[in-house]
Amino acid sequence: MNAVKKYVPHLLVLVGFIVVALFYFSPVLQNKVIYQSDIVQYTGMAKEQNNFRTEFKEEPYWTNSAFGGMPTYQLGAKYPYNFVKYLDSAIRFLPRPADYLFLYFLGFYALMMALGVRPLKAFIGSLAFGFSTYLIIILGVGHNAKAHAIAYMPMVVAGVLLVFRKKYVAGGILTVVAAALEISANHFQMTYYLLLFLLVFAIAYTYQYCKAKDWKGLGMAYAILVGSAILSIGANATNILATAEYTQFSTRSSSELTYNPDGSPKTSSNAMSYDYITEYSYGVFESLNLIAPRLTGGANNEKLEEDNAIYRYFTSVGANPQQAKEMSKQAPTYWGDQPIVAAPAYIGAVVFFLFILGMFTEKRKIKYIFFVGAIFALVLSWGKNAAFVTNIFIDFVPMYNKFRAVSSIQVILEMCIPVLAILGLYSFFKIEQKQQIEALKKTSLIAGGIVVFLFAMKGTLSFSGLNDEYYRMAYGEVGPGFIRALIEERKAMYTSDLIRSFMLILASAVVLFLIAKDKLKERYALVIIGCLLVGDLVMVDRKYVNDESFVPARQMTEPFEITQADKQILNDPTHFRVFDVQGGLNSAKASYFHQSLGGYHAAKPRRIQQLADYQMSQNPMPIFNMLNVKYVIQPDEEGRSVAMLNNEANGNAWFVSTVQKVTSADQEMKALGDLNTKTTAVLNTHAFTQGVKDSYLVDSLASIQLVSYKANQLVYEANNANDGLAVFSEVYYPKGWVAKIDGEEVPILAVDYVLRALELPKGKHTIEFSFDPQVVKTGSRIALASSILILLLSLGAIGWTMKKRKEK
């Protein structure tokens, strides 16, 4: 009975998490879904894949609906024996996005338990973590994979912590399961940042073990952690191997080109430039948004209260109240260092206060690990604004330069600070009254001092944003007045949010002071602190993600409205590609209806991106022709989409008479500038050494036609009186595509920088391209073996522990 009673608080906490998650996202109970811009794009990208699954009951692993063709590894591909996904689905049983909010709470609660915090304080801490503004806003825009990975981070840290504290069975099982779930979330950037933090963890504990000369304990801990890492990676082997393979061909890899589109020499071999990697760098001053949300103006599009400077300005120049209200709904108040911000990364004034308190009240050395982790993440999030540190990481730390938006590493800080805050609250009740008063004095001086300092420096700030000049020009005569009103509003936000944070800090200090003076019972104090802390965060969150963010489910499952141009194109029964001028290479709208040259993905196929940068930006039609772009969608004078037929498209495949041989990627790219791709193919003989002729005889009767199409299988019939070189308007991808001529496998060549080609002997032939990636087969075997090992080792460890207990 006592054993059952022990778990009651935890069960109540879990129920509380479910209730809070559903209450915050209550529209899900009305069968509504949150409108997520990134998921809209994902839906477009994955349309062909999803249709394929429905029709053929199998995975294609390739889609032609975006970027001329790419693997589906990063588009939600499903792999055999991925049992981790089943476990993950069982944990995320709530409707989206309540499932992710629940997962935030659950993961953090696990870490609190590992740190020995009591359930009620751990519950408050979990809400503090889950309602951190950044974690809510990424759900609002659809960064689901990122949210997913962040949610499992604290659980992994909890497992590692237990192992280092010699709770080998519980720690080992939690580490391997949580790490497997973390990896399966498929956001390797977040997982990479977690590993950087765990490195801090490992260094600190290794030092402690070495200092104590506990070599056995150190060896045991590392053996378990390394074993857990291997098994968790193994359980996700297919996804990891497939992603690693695709990375070689994506914009995340090195570039073969040694010059820039403007002809200047490249200074880095990375396909992503330094500017691209650090484009989203937190401003140093902007980081103070952590304690006062709209210190730098909030979001790019801030919805203002009715009485605001912009409203007053527009009504003063003749706008009617409705027009002035509309201008106030999406005011560009943000004036920080980043190009776009959907909401400030606010951790909460109360959380910040408790975090400082924790540095004085928590006696355990583990607080320094989280403190260092927070500072480490903060400095790296500054990116180009802390260039010395960032450059070292980009140049010397493995894989750091594979990820952009360096500001996202602040998620580590957003985990560490709530941990220290709750440790501060937890330890405050354990120290003597004198120590409580002393800690409160120091904390209040620091937290209050920072706020007062920010008040004092208001007069030194410009409140000018990066895009102000654009708005000044765009608004014409009223532009200068608009900018003045905008700056006035920014100043008002600055002041009001500082006052707000100061009041919250003051209220928290008073509550804890009353505790120290025995004027308030602990449970009441916790309830008040909890309400202040959660209420503060939720009020800010609701400004950016609220009931208005939800739409009927159909709006997300069918997010793009079909146009007359789309209908016209869909009436064409042949196989071709489409290019949407408005979306370019950054929209999946065309991918939803057609096979598109464009698309939406953070890791585009590198060579397609390079074609866009080096060739399409100058003269797109030759590239459209060779990639069989038969229709170009563009707006007419009235803004309606119109489908323009490209009669010059090369078709699905063709024979060329000449092979222009080059010896480098640079030469291959430059050759495309004036290449007649209908008659000539450019081949890099440095990459393809087999003997290909310089010329072929092509007569007018030679033909090659696509006779069967599936995303992962293309069948052609060819008839040629002479030996020939056939070029296909399909993207060359060497890992997984197999070509057969009359059933006999033949090598695939890459020509024209991105296309496939085959040498065909004379006569009639059937040519089949099929995508059957070996990486999926290999990965699936590893995943199966690893999952079985995890299960057997976990059961064995639990059985061994129970036996030991009985023996005692």
Side-chain angles (χ1 to χ4, degrees), residues 13-44 46 50 76 88-109 123 126-151 185 293 298-306 325-326 328-330 341-346 348 530-531 533-561 588 592:
V13 164
L14 290 179
V15 172
F17 288 159
I18 294 170
V19 171
V20 173
L22 289 175
F23 182 75
Y24 186 82
F25 289 124
S26 60
V28 299
L29 301 175
Q30 302 163 19
N31 202 29
K32 288 186 176 181
V33 297
I34 192 166
Y35 184 86
Q36 298 173 301
S37 54
D38 273 25
I39 299 304
V40 166
Q41 298 293 338
Y42 166 77
T43 303
N50 294 336
D88 175 60
S89 298
I91 297 172
R92 292 189 301 112
F93 61 92
L94 292 176
R96 188 163 298 169
D99 59 341
Y100 288 121
L101 187 55
F102 173 75
L103 206 56
Y104 288 155
F105 298 153
L106 187 67
F108 198 83
Y109 189 74
F123 178 76
S126 301
L127 299 188
F129 173 70
F131 283 122
S132 180
T133 306
Y134 183 79
L135 270 58
I136 295 296
I137 197 64
I138 60 176
L139 295 178
V141 297
H143 293 176
N144 290 353
K146 179 186 282 187
H148 201 167
I150 292 170
N300 277 81
N301 297 306
E302 192 81 12
K303 186 177 179 181
L304 303 179
E305 301 295 331
E306 285 194 12
K325 277 184 185 176
E326 289 300 317
S328 303
K329 280 184 178 176
Q330 293 193 328
V341 167
Y346 177 58
C531 289
L533 182 152
V534 177
D536 168 32
L537 287 169
V538 168
M539 283 178 67
V540 176
D541 292 338
R542 296 285 292 179
K543 285 179 63 66
Y544 304 100
V545 181
N546 50 45
D547 293 357
E548 294 177 6
S549 310
F550 285 79
V551 295
R554 187 175 177 183
Q555 197 169 327
M556 283 300 288
T557 54
E558 299 176 17
F560 298 107
E561 187 175 346
Y592 186 76

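A quick note: this is a predicted structure, and the numbers were derived from the prediction, not measured. Values reported hereafter were calculated over all heavy atoms of this structure, with side chains retained and with hydrogens, waters and symmetry mates removed. Positions are given from 1 along the sequence.
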Applying side-chain contact (heavy atoms from CB on, under 4.5 Å), run through Ile136 and Leu101 and close with a yes or a no. CA-CA 8 Å; Ile136 295 296; Leu101 187 55; 3.9 Å; yes
What I'd like to find out is whether the side chain of Leu22 reaches to under 4.5 Å of the side chain of Phe102, using heavy atoms alone. no
Please report the interatomic distance CZ(Phe550) to CZ(Phe25), rounded to the nearest 0.5 Å. 5.5 Å
Phe23 CZ: over 12 foreign heavy atoms closer than 6.0 Å: no
Euclidean distance, Asn546 CG relative to Lys303 NZ, rounded to 0.5 Å: 7.0 Å
Taking every heavy atom of Leu537 against every heavy atom of Ala128, the minimum-distance pair comes out as CD1-O, 3.5 Å
Is any side-chain heavy atom of Ser549 closer than 4.5 Å to one of Tyr544? no
From NZ (Lys32) to OG (Ser26), nearest 0.5 Å: 9.5 Å
pair Val545-Ile34: side-chain heavy atoms closer than 4.5 Å: yes
Can you check whether Thr557 reaches Thr43 side chain to side chain, under 4.5 Å on heavy atoms? no
Side-chain touch Leu135/Asp541, heavy atoms, less than 4.5 angstrom: no
Can you name the closest pair of heavy atoms from Ala21 and Leu94 and give their distance? CB-CD1, 4.2 Å
For Glu548, I'd like to know if atom CD has over 12 heavy atoms of other residues, nucleotides or ligands within 6.0 Å. no
Please identify each residue that fulfils side-chain hydrogen bond (donor to acceptor under 3.5 Å, both in side chains) with Gln41, with sequence neighbours left out. none
Please report the closest heavy-atom contact between Ile39 and Gly142, naming both atoms and the distance. CD1-O, 3.5 Å
For Asn301, the side chain to side chain contact (heavy atoms under 4.5 Å, CB included) test, sequence neighbours excluded, returns Gln330
In Val141, Asn144, Val551, Ile138, the residue satisfying side-chain contact (heavy atoms from CB on, under 4.5 Å) with Gln36 is Asn144
Taking all non-hydrogen atoms of both residues, which atom of Pro344 and which atom of Ala299 are closest, and how far apart? CD-N, 4.5 Å
Would you mind listing every salt bridge (charged side-chain N to carboxylate O under 4.0 Å, His left out) that reaches into residues 93-103, with sequence neighbours excluded? Arg92-Asp99, Arg96-Asp99
Could you go through Leu127 and Tyr24, starting from their C-alpha distance and side-chain angles, then the distance that decides it, and tell me whether this counts as side-chain contact (heavy atoms from CB on, under 4.5 Å)? CA-CA 11 Å; Leu127 299 188; Tyr24 186 82; over 6 Å; no
Are the side chains of Tyr346 and Asp536 in touch, meaning some heavy atoms are under 4.5 Å apart? yes
pair Tyr134-Lys146: side-chain heavy atoms closer than 4.5 Å: yes
Do you know the tightest heavy-atom contact between Val40 and Pro559? CG1-CB, 3.7 Å
Checking ring pair (Phe, Tyr, Trp, His ring centres under 6.0 Å) between Phe105 and each of Phe123, Phe131, Phe129, which is the one that passes? Phe131
Over all heavy atoms of both residues, which pair between Ala145 and Ala185 is shortest? Give the atoms and the distance, please. CB-O, 3.7 Å
